[in-house]
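The analysis underlying the following values was restricted to heavy atoms, covering all of them including side chains, and did not include hydrogens, waters or symmetry mates. Just so it is clear: chains get the letters A, B, ... in the order the sequence lines come, proteins before strands, and each one is counted from 1.
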Protein chains: 2
Amino acid sequence: MRRPTIVDIAKAAGVSKGSVSYALNGRPGVSEETRRRILAIAHDLGWAPSSPARALSSGGRVGAIGLVIDRPAHVLGVEPFFMQFVSGIEAELTGSGVDLLLQVTEEHQAEVAAYRRWAAEQRVDGVIIVDVRTEDPRFEAVQKTFLPTVVLGGPEGIGSLPCLYTDESAPMREVVHYLGALGHQRIARIAGPEYFVHTGKRTRAFLEAAEEAGVAEVYTEHADYTGEAGTRITRRLLTRTDRPTALVYDNDLMAVAGLGVARELGVDVPSQLSIVAWDDSTLCGLVRPALTAVVRDVVSYGREAARMLVKVVSGERVQSKEISPGELQPRASTGLLLS
Amino acid sequence: MRRPTIVDIAKAAGVSKGSVSYALNGRPGVSEETRRRILAIAHDLGWAPSSPARALSSGGRVGAIGLVIDRPAHVLGVEPFFMQFVSGIEAELTGSGVDLLLQVTEEHQAEVAAYRRWAAEQRVDGVIIVDVRTEDPRFEAVQKTFLPTVVLGGPEGIGSLPCLYTDESAPMREVVHYLGALGHQRIARIAGPEYFVHTGKRTRAFLEAAEEAGVAEVYTEHADYTGEAGTRITRRLLTRTDRPTALVYDNDLMAVAGLGVARELGVDVPSQLSIVAWDDSTLCGLVRPALTAVVRDVVSYGREAARMLVKVVSGERVQSKEISPGELQPRASTGLLLS
DNA sequence: CGATGGTGCTGAACCGGTTAAGCAAGTGGG
DNA sequence: CCCACTTGCTTAACCGGTTCAGCACCATCG
């Protein structure tokens with residue numbers, strides 16, 4: 001019960017294996033009648049092309065793309081962003097015969113090594129890069145190895161790679177103006193790590209928006225997206241004498257943590273403290289009070305990234321593209337400041 | 001700047017490509033001196049074995065294992081179980097040169113199709129099966145195609161496949177006895193779908209434990225692990241005239257949803273209602289009151305599953321193995337019932 | 001009627017590895 | 001000194017596809 005090969009089909013059909021290949025790939029060179037006969041036999045035998053054999057032939061693709069996620073296990077489990085993104089990629093790839101290779105690492109260097117290995121061993125046809133950093137070594141690695149790439153982030157600082165980027169400032173402006181209108185004059189932001197480019201973009205947008213909206217005092221604290229960090233920093237912020245009256249978090253997990261701390265300290269949300277999460281998952285709607293959040297369609301980011309990468313892999317020239325930055329979804333965690 | 005092949009190395013070293021292959025694989029047949037020379041050249045050229053070429057050779061492995069997760073995108077994003085499991089797999093595979101192919105589907109049939117395709121196209125050396133169902137078509141599919149497999153679940157109803165299984169009844173007994181001791185006589189369980197075998201196991205264990213502990217009334221409602229279902233069912237349960245005084249959830253997301261509903265209805269946790277989650281993620285510790293949960297080391301499940309599968313793939317005979325079922329971690333969401 | 005061109009197929013090379021078989025030279029034993 | 005054995009290497013086949021060159025056959029056209 002060996003798996004059938006095109007040689008088996010050729011024998012059964014009484015033709016050469018070259019003809020079988022032409023027939024199966026829908027290319028000219030065989031008569032319609034022969035083609036039908038070959039296809040029928042292939043179907044009967046339950047034939048499917050060997051992916052390694054295809055890849056080995058002239059210029060063949062392996063039919064897989066790669067994604068490396070650089071987050072510790074306990075964050076990844078609760079951080080909705082990545083699984084949504086992965087779901088979007090999968091949704092796009094389904095039925096196209098392209099598979100997703102996923103690597104989870106806890107170290108940035110391992111990530112670069114993964115790209116190098118994938119390229120050298122011909123394991124993927126292309127990769128998607130997320131979480132762009134300042135001084136990011138991954139771009140050099142993929143350029144050197146000519147690995148087709150699509151970046152989620154940019155467009156600055158990523159060389160000439162095609163990317164999907166968002167305007168972080170529009171939602172940030174929306175958030176700050178909204179909080180300003182609710183009477184908040186002291187807003188703290190619990191952000192992601194400084195070395196992520198999008199963190200910096202948001203920080204600048206945060207400052208600009210505050211000036212624009214006439215909010216007196218804003219400042220940013222950097223964290224690592226974990227619940228623990230969210231708890232720790234929120235506790236420190238809320239126990240200051242001049243504590244902020246509104247908190248903006250860079251992900252939803254830290255926001256949930258922050259909500260817990262407010263509860264613990266007896267600070268009422270939203271009458272004494274407003275909370276905004278960036279990235280909305282069902283989580284935000286489940287906790288009480290439900291969290292106001294910046295809603296982004298992360299699944300569609302994944303779809304779009306996969307679609308672009310497939311094009312790049314097949315040799316098409318692809319334009320970078322701006323995607324919807326998301327918008328504010330007000331819920332119960334924000335409200336008028338009652339001092 | 002083509003990627004170097006063993007022929008390039010052979011030319012540079014002045015030997016045949018056969019010798020290069022022997023040298024690079026650490027097999028006898030070349031002198032120590034020649035081996036060193038070849039290895040040095042391979043290193044200089046930045047050579048790495050072509051994965052497709054290796055796989056194509058006699059009995060070669062492709063160096064990848066597959067995992068299919070059958071959950072809709074919005075659940076997957078917040079359901080910590082799978083990402084923890086995946087992290088564990090990755091942790092085990094790191095450095096072994098084996099990659100993980102991930103497929104996310106929203107349909108059980110697509111899952112079976114994925115296994116078939118992977119086997120037929122030689123895309124993976126083996127697969128891990130999770131979420132065992134009653135009448136599960138996947139086992140026939142993998143057996144027929146001789147795809148090496150490790151199952152998370154079982155050991156009943158999965159044929160002769162090696163598996164990792166847990167004793168669901170031990171933690172369940174712990175939970176029910178604990179709640180009984182706190183004075184609860186009416187306990188409802190918001191479970192996963194009925195068609196999952198482990199759901200049924202827990203249901204039986206739940207009933208047995210209740211009898212054992214002398215808890216008068218217990219019943220199980222089936223849900224689909226989503227926050228929405230958790231919300232809906234909890235709302236229905238808590239608005240009954242004889243509402244339960246304790247709720248046990250089959251995952252943490254539904255438990256968080258349940259906590260929100262209790263809050264909404266003004267039912268105090270834990271003085272009027274105790275809540276237990278099954279599976280602990282940082283989430284349980286972040287909400288207030290923090291959720292009592294059955295803690296399982298899901299990451300280690302992933303590690304162990306990957307380790308077993310790698311052995312199976314390499315032809316070793318592998319024994320099924322019982323793994324730690326987890327234990328109760330009491331937190332603030334459970335307490336004495338004050339009626 | 002011969003040159004031309006298209007159709008439908010075959011044969012063989014090729015992709016980049018692995019591996020069995022063969023062979024020359026050196027070594028040791030009887 | 002001959003034989004057997006080991007060492008270190010080469011040669012060639014093979015894995016399962018793709019693709020190019022070539023060839024026989026037939027129809028068409030000037």
Side-chain angles (χ1 to χ4, degrees), chain A residues 2-39 41-42 45-64 97 117-123 125 314, chain B residues 2-39 41-42 45-64 97 117-123 125 314:
Chain A
R2 236 180 56 265
R3 47 181 300 286
T5 71
I6 55 167
V7 175
D8 300 320
I9 300 177
K11 275 184 194 148
V15 295
S16 72
K17 69 173 191 166
S19 298
V20 174
S21 178
Y22 289 133
L24 292 170
N25 290 301
R27 310 188 50 195
V30 272
S31 68
E32 259 324 299
E33 199 215 313
T34 312
R35 184 188 305 278
R36 264 199 304 276
R37 202 170 77 243
I38 289 174
L39 287 175
I41 294 172
L45 294 178
W47 177 87
S50 156
S51 163
R54 273 227 163 119
L56 196 53
S57 293
S58 26
R61 310 267 140 73
V62 297
R117 188 173 66 83
W118 281 347
E121 298 182 357
Q122 289 188 282
R123 284 182 173 268
D125 297 322
S314 70
Chain B
R2 235 179 59 265
R3 49 180 298 287
T5 71
I6 57 167
V7 174
D8 300 321
I9 301 176
K11 275 185 195 146
V15 295
S16 72
K17 70 174 191 165
S19 298
V20 174
S21 179
Y22 289 131
L24 291 171
N25 289 301
R27 310 187 49 194
V30 272
S31 66
E32 259 323 299
E33 198 215 315
T34 311
R35 184 188 306 277
R36 264 199 303 277
R37 202 170 75 244
I38 289 173
L39 286 175
I41 293 172
L45 293 179
W47 177 87
S50 155
S51 163
R54 273 227 163 120
L56 197 53
S57 293
S58 25
R61 310 265 141 72
V62 298
R117 187 174 65 84
W118 280 346
E121 299 181 357
Q122 289 189 285
R123 283 182 173 268
D125 298 322
S314 70

Practice task
May I ask you to evaluate whether A:W47 reaches the phosphate of D:dG16, defined as a side-chain N or O under 4.0 Å from OP1 or OP2?
Solution key: no
Handout entry: Electrostatic pair A:R35:A:E32 at N-O distance under 4.0 angstrom
Key = yes
Exercise for the section: Would you indicate what A:A13 reaches in the nucleic acid, counting non-hydrogen atoms under 4.0 angstrom: base, sugar-phosphate, or nothing? Expected result: nothing
Exercise for the section: For the side chain of A:L56, starting at C-beta, report the closest nucleotide among D:dC20, C:dG17, D:dG16. Expected result: D:dG16
Practice task
Give the nucleotide from the list C:dT18, D:dC9, D:dG17 with an atom nearest to the side chain of B:I6.
Solution key: C:dT18
Practice task
Return no unless some side-chain N or O of B:R3 is found under 4.0 Å from OP1 or OP2 of C:dG17.
Solution key: yes
Handout entry: Residue-phosphate contact under 4.0 Å: B:S19 side-chain N/O, D:dT10 OP1/OP2
Key = yes
Problem - Note, A:Q122 side chain near B:S51 side chain (heavy atom, < 4.5 Å) - result: no
Exercise for the section: Grab the CZ-C1' distance between B:R27 and C:dA20 for me, whole Å please. Expected result: 10 Å
Practice task
Figure out the NZ/P separation between B:K11 and D:dT10, and round it to whole Å.
Solution key: 15 Å
Handout entry: Presence of A:R54 side-chain N/O under 4.0 Å of D:dG16 phosphate oxygens OP1/OP2
Key = no
Practice task
Taking only the side-chain heavy atoms of A:T34 (C-beta and beyond), determine which of C:dC9, D:dT19, D:dG16 contains the nearest atom.
Solution key: C:dC9
Practice task
Identify whether any heavy atom of A:V7 sits under 4.0 Å from a base atom; if not, whether one sits that close to sugar-phosphate; answer base, sugar-phosphate or nothing.
Solution key: nothing
Completion exercise
Taken to the nearest whole Å, CZ/B:R35 to P/D:dC9 is 10 Å
Fill in the blank from the handout: Rounded to whole Å, NZ of B:K17 lies from C1' of D:dT11 at a distance of 11 Å
Completion exercise
note: A:N25, atom CG; D:dT19, atom P; distance rounded to Å ~ 7 Å
Exercise for the section: Keeping the roles fixed (side chain from A:R37, backbone from A:A13), state whether a donor-acceptor pair exists under 3.5 Å. Expected result: yes
Completion exercise
Among C:dG17, C:dT19, D:dG16, the one nearest any side-chain atom of A:T5 is D:dG16
Fill in the blank from the handout: Which of D:dT10, D:dA21, C:dT18 is nearest the side chain of B:S16? It is D:dT10
Handout entry: Heavy-atom check, side chain of B:D8 versus side chain of B:T5, under 4.5 Å
Key = yes
Handout entry: B:S31 side chain near D:dT7 phosphate (N/O to OP1/OP2, under 4.0 Å)
Key = no
Exercise for the section: With heavy atoms under 4.0 Å as the rule, sort A:A10 into base, sugar-phosphate or nothing. Expected result: nothing
Fill in the blank from the handout: Only residue of B:L39, B:V15, B:L24 satisfying side-chain contact (heavy atoms from CB on, under 4.5 Å) with B:I9 is B:L24
Problem - Distance-minimising heavy-atom pair for A:R54 and A:P49 - result: NH1-CG, 3.3 Å
Problem - Selected nucleotide, minimal atom distance to A:Y22 side chain, candidates D:dG16, C:dG17, D:dT19 - result: D:dT19
Exercise for the section: Kindly point out which of C:dG17, D:dG17, C:dG8 is positioned nearest to the side chain of A:S50? Expected result: D:dG17
Problem - Donor-acceptor pair (no angle test) under 3.5 Å: A:S57 side chain, D:dG17 base - result: yes
